[in-house]
Trainee: 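Here it is: the structure, laid out below.
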Amino acid sequence: MAKIDTVDSRKKLLPRKEPYWQRLTSLCYLGFRKNDDKGGTWVMRTQTEGKSERKYKALGTFADKVDGDKFDAAKKAAETHLKHLEGGGSNESITVGEACNRLVQKYKNDGREDAAKDAKGRFKRWVHSNKKLATTPMQKLTASMLSDWRTNLAKTPAMHQDKSVVSDKPRAASSLNRDMAVLKTALNLAHEDGFTTSDHAWSSKLKPVKDANGRRDCYLDIDQRKALIAHATPDLAILARAMSLLPMRPGAVAAFTVANFDTRLNSLVIGKDKAGKDRKITLPASTAAFFTEQAKDKTPGAPLFARADGSAWNKDSWKYPFKDAVIAAKLPLAATAYALRHSTITDLIVKGLDTMTVAQLSGTSIVMIEKHYGQPTCKDPGS
């Protein structure tokens, strides 16, 4: 067995395809593949006790090291990977960017196309655009790298709905939380699949900002809601009215199609909500009449509350038009689409509807109802 631990010993080796091996442990060997007089590449070989199968792992050339330090660097890399394997890790390695791509593909395999599209967009903007982070192997990802990424992302201005407009609006803590959450999910998946044996880097540095959604507690009274609808664009006014009639999350209301509403029974099937399972509710006559009007002459798969061009609403498309309506109606700047849900639930509670019924209607728990609702005040932060 040839020596490969010194520069002189490696110079004396003849170039060949098969590496020259040096034993590290009884089941692990470090190899050097001599290419030419200028150097070669390093590789490791492992074997499970009692089994004949051998596994190989390319370690690289360590071109950034001087010749005298390359053996020590290769030995350290091999020992690190061996520890990873002994901890249950995979012999394969992936980068952070590849971990993100794996999550997108998993969402697609699970039939979660919306989640896949959302994750892909966030990764494109905030991970793949950062080449240093995206190309970092999972086993080399550190807490300091993620801390730097989080700090820089927090300083990035919020995105404007019109991508041609450069926004100078600070990124909201809730937006930062969503961007961090999807990356954390990708890293956790890689951890579960054995591409790394520790989640310390992100469990410590990608913790969500506490109370980031505090603005959702804003309450708008009936007159304020009417003013908002009056100052909204015609298509947004319809959506806002629907949000004011139902104590549901904005995304759930926007996702309704004509097929969700049964005009014969005045019933509504809620199939896309944070609550998870589908549920059916019976609408009051006045609300059912409004829904019937919106469903008229539309196909079953069409959005019940569509944008002017016939497409479905989402948080990105209503965000800025909603804010424009808030400003035009001279309402508190803290008002968001979610405030309509909060306001509707608050009214139901104040009018004496029991919390269990309110929870069932809104798709949340009794605990959440008692914790967050029934706060009939909202002040403009700038006042």
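Computed from heavy atoms alone, side chains included, the values below leave out hydrogens, waters and symmetry copies.
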Trainee: Answer yes or no: is there a donor N or O on one side and an acceptor on the other, between the side chain of K205 and the main chain of L146, under 3.5 Å?
Mentor: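 Between the backbone of L146 and the side chain of K205 there is no qualifying donor-acceptor contact (under 3.5 Å).
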Trainee: Verify side chain to side chain contact (heavy atoms under 4.5 Å, CB included) between L59 and M44, making sure each step is shown before the conclusion.
Mentor: CA-CA 7 Å; L59 300 176; M44 68 178 290; 4.1 Å; yes
Trainee: Hey, what's the ring geometry for H342 with Y219, parallel, tilted or perpendicular (30° and 60° as the breaks)?
Mentor: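 Because their plane-to-plane angle is over 60°, the rings of H342 and Y219 count as perpendicular.
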Trainee: Quick check for you: to the nearest 0.5 Å, what is the distance between L103 atom CG and Q105 atom CD?
Mentor: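 L103 atom CG to Q105 atom CD measures 10.5 Å (nearest 0.5 Å).
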Trainee: Quick one: do L133 and L141 satisfy side chain to side chain contact (heavy atoms under 4.5 Å, CB included)? Show the steps, please.
Mentor: CA-CA 8 Å; L133 177 64; L141 183 62; 3.8 Å; yes
Trainee: Which atom names give the shortest non-hydrogen contact between A99 and A186, and what distance separates them?
Mentor: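 Shortest heavy-atom contact: O-CB, 3.8 Å.
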Trainee: What I want to check is whether the side chains of S175 and R178 have a donor and an acceptor closer together than 3.5 Å.
Mentor: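 Yes, R178 and S175 have a side-chain donor paired with an acceptor closer than 3.5 Å.
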Trainee: What's the shortest heavy-atom distance between V258 and K298, and which atoms?
Mentor: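 Answer, listing the atom of V258 first, then K298: CG2-CB, 3.6 Å.
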Trainee: Using ring centroids (six-membered ring only for Trp), state whether Y29 and Y20 fall under 6.0 Å.
Mentor: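 No, the ring centres sit 6.0 Å or more apart.
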Trainee: Is any side-chain heavy atom of T41 closer than 4.5 Å to a side-chain heavy atom of N35?
Mentor: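 In short, these two side chains touch, coming nearer than 4.5 Å.
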Trainee: Taking the side chain as every heavy atom from C-beta outward, state whether T25 and L82 have any pair of such atoms under 4.5 Å apart.
Mentor: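 T25 reaches L82 side chain to side chain.
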Trainee: Less than 4.0 Å between a side-chain N and a carboxylate O, is that true for R122 and D118?
Mentor: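 Looking at D118 and R122, the cut-off is met.
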Trainee: Is the shortest side-chain N to carboxylate O distance from D8 to K11 below 4.0 Å?
Mentor: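 No, no charged N to carboxylate O under 4.0 Å.
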Trainee: Salt bridge check: are D193 and R102 linked by an N-O gap of less than 4.0 Å?
Mentor: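 Salt bridge between D193 and R102, a charged N being under 4.0 Å from a carboxylate O: yes.
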Trainee: Hey, are the side chains of W313 and V253 touching, using non-hydrogen atoms and a 4.5 Å cut-off?
Mentor: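 A side-chain contact is absent here, since even the closest heavy-atom pair is not under 4.5 Å.
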Trainee: Using every non-hydrogen atom in the two residues, find where A116 and K108 come nearest and quote the distance to one decimal.
Mentor: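 Here A116 and K108 meet closest at CB-CG, 3.7 Å.
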Trainee: Do L183 and M180 have side-chain heavy atoms sitting under 4.5 Å apart?
Mentor: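 They are not in side-chain contact.
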Trainee: Over 60° means perpendicular and under 30° means parallel, so classify the ring planes of W202 and H191, tilted if in between.
Mentor: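 Perpendicular, since the angle between the ring planes exceeds 60°.
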Trainee: Report yes if some heavy atom in the side chain of L340 is under 4.5 Å from a heavy atom in the side chain of S343; otherwise report no.
Mentor: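 Not in contact.
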Trainee: Rounded to the nearest 0.5 Å, how far does CD of Q22 lie from CZ of F32?
Mentor: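 One gets 12.0 Å once the value is rounded to the nearest 0.5 Å.
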Trainee: When you compare the side chain of L206 with that of L187, does any pair of heavy atoms fall below 4.5 Å?
Mentor: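 Yes; the side chains approach each other to less than 4.5 Å.
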Trainee: Does the distance from a Lys or Arg side-chain N to an Asp or Glu carboxylate O, for R225 and D347, drop under 4.0 Å?
Mentor: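 Yes, R225 and D347 are salt-bridged.
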Trainee: Considering only heavy atoms from C-beta outward, does the side chain of K83 approach that of T80 to under 4.5 Å?
Mentor: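 Heavy-atom side-chain distance check fails, nothing below 4.5 Å.
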Trainee: Going by salt bridge (charged side-chain N to carboxylate O under 4.0 Å, His left out), name the pairs with one or both residues in residues 253-269, residues two or more places apart or in two chains.
Mentor: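 Those involving residues 253-269 are D262-R264.
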Trainee: Could you pull out every donor-acceptor pair under 3.5 Å between side chains of residues 226-240 and any protein atom, sequence neighbours left out?
Mentor:
| residue | atom | partner | partner atom | Å |
| --- | --- | --- | --- | --- |
| H231 | ND1 | A227 | O | 2.8 |
| T233 | OG1 | D235 | OD1 | 2.7 |
| D235 | OD2 | A308 | N | 2.9 |

Trainee: List the steps and the verdict of side chain to side chain donor-acceptor pair (under 3.5 Å) for N260 and T257.
Mentor: CA-CA 5 Å; N260 288 113; T257 64; 3.1 Å; yes
Trainee: Of the non-hydrogen atoms in D316 and N314, which two are nearest, and what is the gap between them?
Mentor: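 Shortest heavy-atom separation between D316 and N314 comes out as N-OD1, 2.9 Å.
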Trainee: Mind checking whether V96 and W149 have side chains closer than 4.5 Å, heavy atoms only?
Mentor: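 Not touching, per the 4.5 Å side-chain cut-off.
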Trainee: Are more than 12 heavy atoms from other residues, nucleotides or ligands located less than 6.0 Å from atom NZ of K75?
Mentor: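 Counting other residues, nucleotides and ligands, NZ of K75 stays at 12 neighbours or fewer.
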Trainee: Can you give me the closest heavy-atom contact between F322 and A335, atom names plus distance?
Mentor: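 So the minimum-distance heavy-atom pair works out to CE2-O, 4.0 Å.
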